[in-house]
Undergrad: 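If you scroll down you'll find the structure; I have some questions about it.
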There are 2 protein chains.
Amino acid sequence: MSPSERPIPTTTVSRLPLYLRALERLLELGESTVPSEKLAEVAGVSAANLRKDLATFGSFGTRGSGYDIKNLKVRIASVLGADTEWKVAIAGIGNLGLALANYPILAGPSFMVAALFDTDNAKIGTKILGMPIRHIDEMPLAVAEENLRMGVITTPAGVAQDVANKMMSSGIKSILNFAPALILAGEGVLVRNVDVALHLLVLSYHERSGQNGTGLSRNSGR
Amino acid sequence: MSPSERPIPTTTVSRLPLYLRALERLLELGESTVPSEKLAEVAGVSAANLRKDLATFGSFGTRGSGYDIKNLKVRIASVLGADTEWKVAIAGIGNLGLALANYPILAGPSFMVAALFDTDNAKIGTKILGMPIRHIDEMPLAVAEENLRMGVITTPAGVAQDVANKMMSSGIKSILNFAPALILAGEGVLVRNVDVALHLLVLSYHERSGQNGTGLSRNSGR
DNA sequence: CAATGTGAAGACCTTCACAGCC
DNA sequence: GGCTGTGAAGGTCTTCACATTG
């Protein structure tokens with residue numbers, strides 16, 4: 001448990017998960033070592049950018065041969081906190097909430113869906129994956145008792161801010177918001193918006209104004 | 001149909017949908033005009049940033065009173081192409097694909113789910129929202145015949161690139177990828193990754209390294 | 001000799017601050 | 001007077017290019 005490294009630029013942080021993915025793919029392909037050029041290509045960034053990113057928290061390449069994949073993977077995972085298991089709460093158990101509760105990655109080593117909340121009395125008490133759907137008013141207690149650290153909002157837009165407020169006042173500082181609504185976050189709280197409509201509008205601009213993409217895939221990060 | 005304005009920086013494009021959202025909220029509140037200061041606050045950006053963004057494609061504020069909300073909304077919608085209806089195809093009709101097919105925004109004025117694809121014979125032929133689930137091999141034909149312009153990938157990671165390739169070779173140039181996989185895009189193709197795991201990893205870093213957020217909500221864009 | 005790590009340069013983006021307009 | 005639109009300044013991020021190292 002490395003407590004706190006030197007602060008890393010947000011642009012870099014948003015690319016680290018990409019590198020993790022790329023490293024995983026390379027491992028699957030049976031590689032054990034990789035030069036920045038290749039890793040950058042798989043991740044969809046420039047080699048210089050990749051090296052600068054890695055340099056912000058250490059230097060663990062070998063000149064002449066590149067990076068040891070397993071080693072780098074462990075290192076990045078540690079920086080990101082992916083070596084810990086974070087307990088995630090989902091609020092709003094409709095189609096999307098259900099889909100996410102069953103999402104494979106959320107069942108991976110780093111994240112675990114540990115609580116489900118809704119306000120619909122017809123749903124409360126029902127069990128999903130062995131977990132009962134609880135009323136959202138029970139959130140403060142549940143967060144404290146079960147050490148829930150992240151919240152996912154999959155409610156309708158109208159109540160998204162209320163739900164976010166409830167999460168924040170319960171002590172949750174990291175929120176992933178799927179509701180098509182702008183969320184005002186409190187001090188020290190990080191909200192990542194995964195707003196499908198917003199993404200589609202960016203794609204819409206791309207369609208409207210002809211092809212101007214570089215061909216590289218970009219993440220919603222930032 | 002304004003054909004092609006002067007190119008707009010991607011950072012600006014990724015904020016325009018936020019402004020659209022903010023303007024909608026202000027309209028609901030009964031406002032009809034708004035100064036940059038207020039609009040920026042609702043959208044979660046700085047006032048100067050907002051004004052610079054708008055300046056990239058025109059100038060339609062009124063000094064002394066601000067912006068006419070309806071007018072600005074129409075203007076931004078036009079720049080983004082949100083005044084057109086884009087037909088969206090969804091590939092991978094599992095929990096997540098189903099949830100998105102039923103997603104309210106996709107039923108809004110700008111986007112319309114017009115085709116569903118899968119490879120599971122048990123699902124093919126089944127109707128969702130009146131639409132049959134078709135085999136993914138029918139995609140090239142469907143894209144051409146029905147003028148599908150955007151693709152949403154909600155398949156397992158393992159086949160995501162194959163599905164993306166199929167979309168691209170069918171002529172789709174705008175892809176929203178929900179699969180936890182890196183997608184290599186062709187020339188002129190824009191892929192937006194909505195990778196839940198990637199977002200959670202960024203949140204994980206935030207948790208790990210203590211509160212360093214500004215309190216402002218940021219979108220996945222870029 | 002191949003490939004990293006990194007100053008320096010360059011590109012891009014945001015903020016500042018104010019002239020100009022309603 | 002209030003507020004936009006915008007040059008100029010300030011920051012931040014990315015790319016370049018190369019000295020350095022295994």
Side-chain angles (χ1 to χ4, degrees), chain A residues 5-16 18-19 22-23 26 31-69 71-72 75-76 79 202 212 214 216-219 221-222, chain B residues 5-16 18-19 22-23 26 31-69 71-72 75-76 79 202 212-214 216 218-219 221-222:
Chain A
E5 319 277 338
R6 174 169 307 102
I8 299 175
T10 51
T11 46
T12 294
V13 171
S14 71
R15 278 187 299 264
L16 292 181
L18 258 49
Y19 303 153
L23 290 168
L26 291 169
E31 310 280 332
S32 69
T33 200
V34 66
S36 63
E37 196 87 28
K38 176 100 184 270
L39 179 55
E41 186 196 320
V42 176
V45 304
S46 78
N49 206 169
L50 165 64
R51 294 201 300 272
K52 261 276 153 69
D53 280 344
L54 298 183
T56 60
F57 59 92
S59 83
F60 12 72
T62 310
R63 295 175 199 231
S65 63
Y67 302 89
D68 178 82
I69 297 183
N71 186 36
L72 184 56
R75 204 68 192 72
I76 293 179
V79 168
V202 174
N212 48 5
T214 62
L216 276 182
S217 164
R218 310 187 132 252
N219 203 52
R222 149 70 67 112
Chain B
E5 318 276 339
R6 173 168 307 102
I8 298 175
T10 52
T11 46
T12 294
V13 171
S14 71
R15 279 186 299 264
L16 292 180
L18 259 48
Y19 303 153
L23 289 168
L26 291 169
E31 309 281 332
S32 68
T33 199
V34 66
S36 64
E37 195 86 28
K38 177 101 185 270
L39 179 55
E41 186 196 321
V42 176
V45 304
S46 79
N49 207 170
L50 165 64
R51 295 201 299 273
K52 261 277 153 66
D53 280 346
L54 298 183
T56 60
F57 58 93
S59 84
F60 14 71
T62 311
R63 291 171 201 236
S65 63
Y67 301 89
D68 177 82
I69 297 184
N71 186 37
L72 183 57
R75 204 69 192 69
I76 294 179
V79 168
V202 174
N212 48 5
T214 62
L216 275 182
R218 311 187 131 251
N219 202 53
R222 147 71 64 112

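In what follows, every chain begins at residue 1, and chains take the letters A, B, ... in the order their sequences are listed. Note that the structure is a prediction, hence the values are computed from the model and not measured.
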Undergrad: Of the nucleotides dT4(D), dA17(D), dC13(D), which one has an atom closest to the side chain of Ser36(B)?
TA: dT4(D)
Undergrad: Rounded to the nearest 0.5 Å, what separates atom CG in Leu54(A) from atom CZ in Arg15(A)?
TA: 10.0 Å
Undergrad: Taking the nucleotide of DNA chain D with the nearest heavy atom to each, does Ala55(B) or Thr12(A) sit closer to the 5' end?
TA: Ala55(B)
Undergrad: dG2(D) phosphate, OP1 or OP2: any side-chain N/O from Tyr67(B) under 4.0 angstrom?
TA: no
Undergrad: Phe60(A) has an atom CZ; how far is it from atom P of dT6(C), in whole Å?
TA: 11 Å
Undergrad: Within a 6.0 Å radius of atom CD on Glu31(A), are there more than 12 heavy atoms belonging to other residues, nucleotides or ligands?
TA: yes
Undergrad: Between dC13(D), dT15(D), dG5(C), spot the one nearest the side chain of Pro9(A), thanks.
TA: dC13(D)
Undergrad: Between P on dC3(D) and CG on Leu39(B), what's the gap in Å once rounded to a whole number?
TA: 13 Å
Undergrad: Measuring from atom OG1 of Thr33(A) to atom CG of Leu39(A), what distance do you get when rounded to the nearest 0.5 angstrom?
TA: 10.5 Å
Undergrad: Hey, what do you get for CZ (Phe57(B)) to CD1 (Ile76(B)), rounding to the nearest 0.5 Å?
TA: 5.0 Å
Undergrad: Can you measure Leu50(B) atom CG to dT4(D) atom P for me and round it to whole angstrom units?
TA: 8 Å
Undergrad: Please list, for nucleotides 20-22 of chain D, all pairs of protein and nucleotide N/O atoms separated by less than 3.5 Å.
TA:
| from | atom 1 | to | atom 2 | distance (Å) |
| --- | --- | --- | --- | --- |
| dT20(D) | O2 | Arg63(A) | NH1 | 2.6 |

Undergrad: Taking atom OG of Ser36(B) and atom CG of Leu72(B), what is their separation to the nearest 0.5 Å?
TA: 11.0 Å
Undergrad: To the nearest angstrom, how far is Arg15(B) atom CZ from dT15(C) atom C1'?
TA: 12 Å
Undergrad: Hey, could you give me the CG/CG distance between Leu18(A) and Leu50(A), rounded to the nearest 0.5 Å?
TA: 10.5 Å
Undergrad: In whole angstrom, what separates Glu37(A)'s CD from dC1(C)'s P?
TA: 19 Å
Undergrad: Please report, rounded to the nearest Å, how far the C1' atom of dC13(D) is from the CD1 atom of Ile8(A).
TA: 15 Å
Undergrad: Taking 4.0 Å as the cut-off, does a side-chain nitrogen or oxygen of Ser46(A) come that near to OP1 or OP2 on dT15(D)?
TA: yes
Undergrad: Can you check the Asp53(B) CG to dT14(C) P distance for me, whole Å?
TA: 7 Å
Undergrad: Tell me if the side-chain of Lys52(B) makes a donor-acceptor pair with the base of dT15(C), cut-off 3.5 Å, by modelled atom types.
TA: yes
Undergrad: Compare the minimum distances between each of dT4(C), dT14(C), dC13(D) and the side chain of Arg51(A), then state the nucleotide with the smallest one.
TA: dT4(C)
Undergrad: Output the rounded distance in Å from CZ (Arg75(A)) to P (dG5(C)).
TA: 12 Å
Undergrad: Can you tell if the side chain of Tyr67(A) reaches within under 4.5 Å of the side chain of Arg51(A), non-hydrogen atoms only?
TA: yes
